[in-house]
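One structure is given below, encoded as structure tokens.
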Amino acid sequence: MTFPRFLLLAAALLFLSSCTHHPDVPASSHEAECLPAIYPDYCNVTVPCNIAPLNFMLPAGDFEECVARFTLPDGRQQTYGDGVKVQIPEAEWHAMLNLSKGKSLRVEVWGKTKGEWLSFNPFEILVAQEPIDEYLTYRLIEPSYAGWSFMEIAQRNLTSFDETQVFNNEIACDDRAKGQCINCHSYQNYKTDNMLFHVRLSNGGTVIVNDGKVSKVDLKRDYTISAGAYPAWHPTAKLVAFAACMTRQAFHTAHPNKIEVFDLASDLILYDVATDSVSIISNDSTLLEVYPTWSPDGKYLYYCKTVPLPEELRDKDIISTYRKVQYNLYRRPFDLATHSFGDEELVYDAASHDKSATLPRVSPDGRYLLFAQGQYGCFHIRHSDGDIACMPLDGQALPSVDLTNLNSEGFAESYPTWSSNGHWIMCSSRRGDGNFTHVYFSYFKDGKAAKAFLLPQEDPESDTFRLKCYNRPEFMIEPVRISIKEFSQVLQ
């Protein structure tokens with residue numbers, strides 16, 4: 001939700017006048033001479049001016065209490081702490097953000113261990129002028145590779161901690177033995193009146209919302225190798241580009257990456273929502289084409305395509321060649337009047353750098369191309385070398401791109417996404433334990449990404465106990481308004 005100015009001012013007055021429930025700073029302490037090891041790590045991050053409170057904690061096994069003091073740019077201060085956790089009321093937090101926009105909050109942390117207080121080096125939270133999109137959608141799944149039980153698509157208000165279900169896989173599943181998978185939620189221009197998600201197995205099909213009206217369609221046609229996957233809505237027309245692919249999995253017994261996901265075949269198709277028609281964009285039988293995405297003006301379709309394997313490997317099984325499969329980034333011009341595509345153009349030759357590029361996304365201003373990159377393959381969220389990369393488009397004289405602060409060391413990053421104003425990059429990351437994917441954000445300006453920070457939670461410990469992966473995070477500027485009941489009716 002957006003906070004009206006008069007409510008922010010009222011919250012500011014509340015913040016400035018309230019003090020009875022806030023702890024005192026320790027009268028004496030020993031200097032730790034280091035930053036606090038808080039979780040999540042919000043030390044020296046840049047955050048949106050409308051983000052939910054950055055609640056955090058000190059390690060419970062090492063500390064008994066925690067006190068944090070926030071200092072505003074004008075010198076006024078407030079303290080928080082309850083046990084080892086710092087949890088800030090939403091109204092007070094948004095008041096602090098409003099008073100610090102374009103400037104920094106100074107944070108000092110004290111931790112009590114073995115009866116003594118330690119004081120840590122202070123850090124800054126820079127509050128950007130630019131807001132983040134108010135809503136986020138993700139699929140919550142177990143990292144189970146081959147099976148599932150309960151699965152849901154959830155939406156989160158990023159200005160608060162409100163999370164609601166968009167859909168779950170139990171309400172319209174007729175065959176419990178077969179089960180039901182739901183995935184690939186997608187929106188047109190960050191809005192929800194035109195959206196879709198896929199349902200696999202029991203009552204399978206693609207659920208389409210067209211101007212707020214819900215229906216189910218079967219995207220498999222006689223001339224396609226499969227139904228659609230990895231959707232990309234055209235920014236202005238009722239058209240969706242998909243990959244039609246035959247996806248398989250293989251499992252390692254000892255390798256830390258654990259799993260390989262690859263395609264035996266993959267084409268690009270275009271679905272016309274108005275006419276319920278599917279046309280072929282590209283179906284080269286010798287190469288794999290996947291992950292379509294549109295330029296913001298709708299004049300180009302970007303996608304990934306494999307480079308030919310060496311001749312001696314072309315007849316080999318995928319299990320013996322998967323490490324040699326690499327994708328480059330391409331684009332084709334698109335004529336909206338005729339729904340036709342022009343000649344293919346190489347955008348980024350990843351293979352020449354012994355890399356594989358996937359999941360392209362063009363910035364809203366059309367200046368940058370964001371993508372995931374690893375040494376091989378198309379599913380880098382399972383590869384520990386997976387990172388997010390970015391390049392200027394069309395040879396523009398832009399600053400060099402630096403995403404060092406977005407990526408982690410030794411953990412997989414994937415599924416990069418732009419906010420609607422182009423100032424926030426979001427990605428999925430396995431940093432932390434290497435098993436669970438979580439959502440991270442980074443401020444982007446003048447070709448440089450600021451330190452990434454974890455999606456805030458009301459209880460900073462909640463993701464430790466919520467044994468779910470946050471899959472395919474997508475920004476929205478408004479919530480999904482179709483009810484679960486309406487979605488389920490078209491699937492039964």
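The first residue in the sequence is number 1, and the count goes up from there.
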Is there a salt bridge (Lys or Arg N to Asp or Glu O under 4.0 Å) between Arg76 and Asp74? Walk through the geometry before answering. CA-CA 6 Å; Arg76 284 176 285 186; Asp74 63 6; 2.3 Å; yes

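- The two atoms that bring Thr404 and Asp402 nearest to each other are OG1-OD1, 2.6 Å, heavy atoms only.
- Partners of Asn189 under the side-chain contact (heavy atoms from CB on, under 4.5 Å) rule, at least two apart in sequence or in another chain, are Pro235.
- Of the options Cys49, Pro53, Pro48, a side chain to side chain contact (heavy atoms under 4.5 Å, CB included) to Ile51 is made by Pro48 and by none of the others.
- Defined by atom type and a distance below 3.5 Å, a donor-acceptor pair is missing between the side-chain atoms of Glu345 and Tyr300.
- Under the 3.5 Å distance criterion, the side-chain polar atoms of Thr113 are matched with a main-chain donor or acceptor of Asp62.
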Could you walk me through whether Val273 and Leu239 pass side chain to side chain contact (heavy atoms under 4.5 Å, CB included), step by step? CA-CA 6 Å; Val273 177; Leu239 302 169; over 6 Å; no

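- With Asn405 contributing its side chain and Ala449 its backbone, the two residues share a donor-acceptor pair below 3.5 Å.
- The side-chain heavy atoms of Val45 and Phe441, taken from C-beta on, include no pair separated by under 4.5 Å.
- In the displayed structure, Lys299 atom NZ is contacted under 6.0 Å by at most 12 heavy atoms of other residues, nucleotides or ligands.
- Distance check, rounded to the nearest 0.5 Å: CZ of Phe70 to CD of Glu92 gives 11.0 Å.
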Chi angles and distances behind the side chain to side chain contact (heavy atoms under 4.5 Å, CB included) call for Thr358, Val290: CA-CA 8 Å; Thr358 62; Val290 71; 5.8 Å; no

Yes or no on side chain to side chain contact (heavy atoms under 4.5 Å, CB included) for His383 and Gln375, after CA distance, side-chain angles and deciding distance? CA-CA 9 Å; His383 292 178; Gln375 187 178 359; over 6 Å; no

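- Summarising the local packing, OH of Tyr330 is surrounded by more than 12 heavy atoms from other residues, nucleotides or ligands at distances under 6.0 Å.
- Using a distance-only test at 3.5 Å, with no hydrogens or angles considered, no donor-acceptor pair links the side chain of Tyr327 to the main chain of Ala350.
- At a threshold of 4.5 Å between non-hydrogen side-chain atoms, the residues Thr293 and Leu301 do not count as touching.
- We find the OH-OG1 distance between Tyr470 and Thr437 to be 9.5 Å, quoted to the nearest 0.5 Å.
- Checked by atom type and distance alone, the side chain of Ser363 pairs as donor or acceptor with a backbone atom of Tyr368 at under 3.5 Å.
- The six-membered or imidazole ring of Phe487 lies near that of Phe197, with a centre-to-centre distance under 6.0 Å.
- Sorted by first and then second residue, the salt bridge (Lys or Arg N to Asp or Glu O under 4.0 Å) pairs involving residues 423-432 (not counting sequence neighbours) are Glu413-Arg431.
- The two atoms that bring Asn55 and Tyr42 nearest to each other are O-CE1, 3.4 Å, heavy atoms only.
- From Asp387, atom CG reaches atom OG of Ser429 across 9.5 Å, with rounding to the nearest 0.5 Å.
- Panel note: side chain Asn407, backbone Ile388; a donor-acceptor pair is recorded below 3.5 Å.
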Donor-acceptor contacts, no H, no angles, side chain residues 476-483, under 3.5 Å, sequence neighbours left out:
from, atom 1, to, atom 2, distance (Å)
Glu478, OE2, Thr192, N, 2.9
Glu478, OE2, Thr192, OG1, 3.2
Ser483, OG, Glu486, N, 3.1
Ser483, OG, Glu486, OE2, 3.2

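- Minimum heavy-atom separation, Pro473 to Ser428: CD-OG, 3.2 Å.
- Glu108 has a carboxylate O that lies under 4.0 Å from a charged side-chain N of Arg69, or vice versa, which qualifies the two as a salt bridge.
- Screening residues 109-121 for salt bridge (Lys or Arg N to Asp or Glu O under 4.0 Å) gives Glu65-Lys112 as the qualifying pairs, with residues at least two apart or on separate chains.
- Counting only heavy atoms from C-beta outward, the side chains of Trp294 and Phe334 approach each other to under 4.5 Å.
- Here the OH-SG distance, from Tyr348 to Cys304, works out to 12.0 Å after rounding to the nearest 0.5 Å.
- Remark: side-chain polar atoms of Asn168 are paired, donor with acceptor, to backbone N or O of Ile171 under 3.5 angstrom.
- Distance alone, capped at 3.5 Å, places no donor-acceptor pair between the Asp349 side chain and the Asn328 backbone.
- In Asp433, the CG atom is crowded: over 12 heavy atoms of neighbouring residues, nucleotides or ligands sit closer than 6.0 Å.
- The side-chain hydrogen bond (donor to acceptor under 3.5 Å, both in side chains) pairs that include a residue from residues 229-240 are Asn210-Lys238, Asp211-Lys238, His234-Thr236, where partners are two or more places apart or lie in different chains.
- Between Thr79 and Val25, the closest side-chain pair of non-hydrogen atoms falls below 4.5 Å.
- Minimum heavy-atom separation, Leu403 to Phe444: CD2-CE1, 4.1 Å.
- With contacts defined as side-chain heavy-atom distances shorter than 4.5 Å, the pair Val86/Met57 does not qualify.
- Residues Glu142 and Lys468 are paired through a salt bridge, judged by an N-O separation under 4.0 Å between the basic side chain and the carboxylate.
- Formation of a donor-acceptor pair under 3.5 Å by the His198 side chain with backbone atoms of Gly228 is found in this model.
- You'll find the side chain of Glu134 stays beyond 4.5 Å of the side chain of Leu158, heavy atoms only.
- Scanning both residues, Leu406 and Ser442, for their nearest heavy atoms gives CD1-CB, 3.7 Å.
- Within the 4.5 Å cutoff, the side chain of Phe475 has no heavy atoms near those of the Tyr135 side chain.
- If you take CD on Glu163 and CZ on Arg156, they are separated by 7.5 Å, rounding to the nearest 0.5 Å.
- Two residues are said to be in side-chain contact when any heavy atoms from C-beta on lie closer than 4.5 Å; Leu359 and Ser414 meet this criterion.
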Evaluate side chain to side chain contact (heavy atoms under 4.5 Å, CB included) for Ile208 paired with Lys216, printing each intermediate quantity in order. CA-CA 6 Å; Ile208 296 272; Lys216 184 179 80 168; over 6 Å; no

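- When all heavy atoms of Gln188 and Ala237 are compared, the pair lying nearest together is NE2-O, 2.9 Å.
- Of the possible polar contacts, one joining the Arg139 side chain to the Ile182 backbone as a donor-acceptor pair under 3.5 Å is found.
- The closest donor-acceptor contact from the side chain of Trp424 to the backbone of Pro131 lies under 3.5 Å.
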For a quick test of your reading: what N or O donor-acceptor pairs under 3.5 Å do the side chains of residues 27-41 make, sequence neighbours left out?
from, atom 1, to, atom 2, distance (Å)
Asp41, OD1, Cys43, N, 3.1
Asp41, OD1, Lys451, NZ, 3.2
Asp41, OD2, Lys451, NZ, 2.9

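- With hydrogens and angles left out, the side-chain atoms of Thr159 and Asn50 include no donor and acceptor closer than 3.5 Å.
- Salt bridge annotation for Arg361-Glu474: present, with a cationic side-chain nitrogen under 4.0 angstrom from a carboxylate oxygen.
- The residues Lys85 and Asp459 are annotated as salt-bridged, a charged nitrogen and a carboxylate oxygen being separated by less than 4.0 angstrom.
- Residue Met391 holds its CE atom at 6.5 Å from CZ of Phe371, rounded to the nearest 0.5 Å.
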